[in-house]
Structure formats: structure tokens, C-alpha cells
Novice: 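Before we start, here is the structure in question, set down as C-alpha cells.
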Amino acid sequence: MAGQRSGQETDGGHGEGKENESGLTVLLTLGANLGIAVAKGFAALITGSASMAAETAHSVADTFNELLLLVGLRRSGRPADRRHPLGYGKERYTWTLLVAVAIFGMGALFSFYQGFQTLTGHRRGEESGTLIAFGVLGVAFVLEGISWQQAVRQVRDAARAEDLPLLAHIRRTDEPTSVSVLLEDSAALIGVLIAAGALGLHRLTGSATWDGVGSLLIGVLLTAVALVLGRINLNLLTGTQADPRIVADVRARLGAAPEVEWVVDIITVTFGADRVLACARLDFRDDLTAGDVERACVRMARELHDAHEEIDEVFLEPVPRDDPELRERVIARYGRTLRPKDSGG
């Protein structure tokens, strides 16, 4: 197998810029959540409201989560070494997956507990102090909105840079930090509205049932966010294919090389933010010498990296296209064999 390592230094500026912006987004959200958690906790003690207690747990979980995201950003940026030849990029996904677990464990479960306690009569909030609670929720909404705007701007800029719709970018992204913050802040804004509605209905009707329902709704909201984040990071941890447009272009470029008769197999794997491993098995012309094949592999690897800065590692293997075992593996993966000049997905 012939391969070429593309130095991380060549695309460090692009990656470092995204890292710095992600760090800024996380720090801004961390500061907002810490202050909000303290204020909500004070309001929850005064009112005895289950919804306010759920929102306090929500903000505490979010504060803890930002610390996890910062740890993930720092640890995933370490350079490759002997034990981790592809670097530590995937460690970011592990820490972001822990964020999903924390949202559910610290936020959703506590919210469900508070809601059920209220609905079953074991907890009854006071109707006093609701004006203070509304004031806290109003300030929280403003602070969360500032953080949310920063997260939206970063995610939109990333989607625009990749020429993708926002939702498509979120589904395909290999950089989940900013998406995590966006989802957390969106849930925080919705949670504030739910808590305000529950408090208002409790005050108007005198029934604590509304307070319990509000707490349960916040639990459902946090569960949904945890599931979405968990799914995104689980896919990234198990190894996802690169952007289909990159895959198609890599296949087209390799198939168009004059030395290549057939693209037998191609595999791309994302192993970090903006880091892709590309492996291909190629059937070269029979009249080429070993030296010709080696020089072609080096040239094609360099061309792929120049065309796509995300491609960090390239491995090219000369193989015969009529090998039955290879054919079976390719068909099992794609449902068909690859054509010689195939540029389709």
C-alpha cells in the first residue's frame, strides 16, 4: 500500500480559527449559564415552584456541560503521537456525548421527578414570589438569547462555508461543539418560556398542576435534546463517511488519473473536526512499472489534499479489479461494484 501523510501544519490556520470560535461560544455560554443558574435557584427557593427547580437543574447541567465541552476542545487538539497516529480528534466526540448524558441525567430526570412530585401532591409551590421569578426568567431569557445568537451565527457561518442548508449541516457536521451549544441554548430559551407559562397559569388558577406539567414539559424538552446530541456524537464516534461531495470528487479525481483503469474500492472516515482519512484500492494500467505506480500514488495523494484541506491522510493500494474477495466486500458495502470513471455517490 502506498500512502502519503499530509502535515497538520498545512491546515492549522483554518482549524485553529474554528477552534477559537468554538471556544469563544462555549465560554460565553458558560458565563451566562452560571449566573442564570444562581438566579434561578434563588427564585426556586422563594417560590417553591417545580418548574423553577427544573429550570435551575437545567442551567446547572448546562454550566457543567460547557466545562465538558471546553475539556473536549482542549484534549482533542493534541497532536498525533506514537500511540495515537491519527491524533486525538475523536476525543471531542466522547466529551460531547457526555454532555448528552449529563443533560438527561442532571436535567431531564430531575425535571421529571419535580413534576411527578407536584402532580401527586407531594410538593406544592407557593404563589408568593412569582414576580421575582418572572424577573429572573426575563433576565435569563435575555442572557440566553445573547449566547444563542452567537451559537446561531457560528453554525450558520459553518453551513454557509460548506454551501449547505442549516439542517443538513447539523446532520453532517464533524464539529459538534457549536451544535451542542446551539441546541442547549435553544432548549434554554424554550424552557424559560415553559416555566414562565407554568408560573403564570399557577398564579391565575391557583392550581399547582400547571407547575407540575411545566416541569414535565421541561423534562421532555431536555430528553429530546439529549437524544439528538447523543445520536450525532454516536455516529461520529463509530466512524462516519466524509461529506458525500468530497467522496464523489475523490472518486472522480482518482478515476480520471491516466494511470488508473478502475477505482475498485474507496473508503473515507471522519476522525476529527475537519479531518478525513481517505483510502482507495485502484487497478493501475498493466504497462506501468513499480516506480510509475509509486510516483502516481504520491502525486494523487498530494492532489487530493490540495483539493480538499479536510483530507489529512491518504492511502492508495494497487489491486486487481477482478479479485473475487474484493468484489464481494465492495458489493456488500455499496450494493454494486464501482465503475472505472464513476463519480457518483
Side-chain angles (χ1 to χ4, degrees), residues 1-8 10-11 14-15 18 76 80 84-94 158-159 161-164 168-176 179 231-257 259-260 262-284 296-319 321 323 326-345:
M1 176 181 288
Q4 175 170 319
R5 173 170 178 80
S6 304
Q8 285 178 271
T10 58
D11 64 340
H14 175 74
K18 292 184 70 174
S76 65
H84 297 85
L86 295 180
Y88 293 80
K90 281 199 171 186
E91 188 165 340
R92 182 178 308 190
Y93 308 147
T94 302
E162 296 179 4
D163 194 26
L164 286 172
H169 166 73
I170 291 175
R171 287 196 300 268
R172 295 184 185 182
T173 186
D174 58 7
E175 207 298 274
V179 173
R231 182 64 178 175
I232 290 174
N233 288 279
L234 183 61
N235 285 337
L236 291 169
L237 280 170
T238 53
T240 59
Q241 178 182 258
D243 187 319
R245 295 171 299 179
I246 294 178
V247 178
D249 188 65
V250 167
R251 190 177 299 166
R253 289 176 183 274
L254 294 176
E259 300 90 348
V260 175
W262 201 289
V263 178
V264 179
D265 192 11
I266 183 169
I267 300 173
T268 61
V269 178
T270 297
F271 63 96
D274 289 325
R275 299 191 66 192
V276 172
L277 169 67
C279 304
R281 294 185 173 100
L282 308 172
D283 183 11
F284 288 87
C297 286
V298 172
R299 189 197 73 243
M300 287 187 289
R302 186 184 303 115
E303 290 173 351
L304 291 179
H305 177 72
D306 291 342
H308 301 283
E309 63 181 7
E310 299 95 334
I311 297 179
D312 191 65
E313 298 278 1
V314 177
F315 294 96
L316 305 175
E317 180 183 8
V319 298
R321 66 173 178 250
D323 183 85
L326 279 178
R327 283 176 59 86
E328 289 179 6
R329 294 178 66 180
V330 172
I331 292 174
R333 186 181 300 121
Y334 300 110
R336 60 176 174 84
T337 58
L338 304 184
R339 296 182 292 276
K341 304 298 180 181
D342 187 0
S343 62

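Below, all heavy atoms of this structure are taken into account, side chains as well, without hydrogens, waters or symmetry copies.
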Novice: State, yes or no, whether a side-chain contact exists between Glu310 and Glu162 at a heavy-atom distance under 4.5 Å.
Specialist: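 No, too far: nothing below the 4.5 Å cut-off.
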Novice: For the OG1 atom of Thr270 and the CG atom of Leu236, what is their distance to the nearest 0.5 Å?
Specialist: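 Rounded to the nearest 0.5 Å, the OG1-CG separation comes out at 7.0 Å.
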Novice: Heavy atoms, side chains only, cut-off 4.5 Å: are Asp265 and Val319 in contact?
Specialist: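 No, their side chains stay 4.5 Å or more apart.
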Novice: With heavy-atom distances below 4.5 Å as the criterion, would you say the side chains of Thr268 and Ile246 are in contact?
Specialist: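 No; the side chains remain at least 4.5 Å from each other.
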Novice: Within the structure provided, determine whether Asp243 and Leu164 are in side-chain contact (heavy-atom separation under 4.5 Å).
Specialist: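 Heavy-atom side-chain distance check passes, below 4.5 Å.
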Novice: For residues Pro176 and Tyr93, report the shortest heavy-atom separation together with the two atoms involved.
Specialist: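 Result for this residue pair: CD-CE2, 3.5 Å.
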Novice: Once rounded to the nearest 0.5 Å, what's the spacing between atom CG of Asp283 and atom CD of Glu259?
Specialist: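 Taking CG in Asp283 and CD in Glu259, the distance rounds to 13.0 Å.
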Novice: Heavy-atom distance under 4.5 Å between the side chains of Phe315 and Leu277, does that happen here?
Specialist: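 A side-chain contact exists here, since the closest heavy-atom pair is under 4.5 Å.
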Novice: Any heavy-atom pair between the side chains of Val247 and Gln241 that's under 4.5 Å?
Specialist: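 Yes, side chains in contact.
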Novice: So, taking the atom named CD in Glu317 and the one named CG in Leu282, what distance separates them when rounded to the nearest 0.5 Å?
Specialist: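 So the CD of Glu317 and the CG of Leu282 are separated by 9.0 Å.
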Novice: Does the side chain of Phe284 come within less than 4.5 Å of Val260's, by heavy atoms?
Specialist: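 Yes; the side chains approach each other to less than 4.5 Å.
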Novice: If every non-hydrogen atom of Lys90 is compared with every non-hydrogen atom of Thr238, which pair is closest and at what distance?
Specialist: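 So the minimum-distance heavy-atom pair works out to NZ-C, 4.3 Å.
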Novice: For Ile311 versus Leu304, what's the shortest heavy-atom pair and its separation?
Specialist: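 Heavy-atom minimum between the residues: CD1-O, 3.9 Å.
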Novice: Does a salt bridge link Asp249 with Arg245, judged by any charged N lying under 4.0 Å from a carboxylate O?
Specialist: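 Salt bridge flag = no for Arg245 with Asp249.
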Novice: I need the minimum non-hydrogen distance between Leu316 and Cys297, along with the two atoms involved.
Specialist: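 Result for this residue pair: CD1-O, 3.6 Å.
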Novice: Do the non-hydrogen side-chain atoms of Val250 and Val314 ever get within less than 4.5 Å of each other?
Specialist: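 No, every pair of side-chain atoms sits at 4.5 Å or beyond.
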Novice: Looking at Gly87 and Arg275, what are the two nearest heavy atoms and their distance?
Specialist: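 It is CA-NH1, 3.9 Å.
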Novice: Please give me the minimum heavy-atom distance between Pro85 and Ala80, naming the atom from each residue.
Specialist: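 Closest heavy-atom pair between Pro85 and Ala80: O-CB, 3.5 Å.
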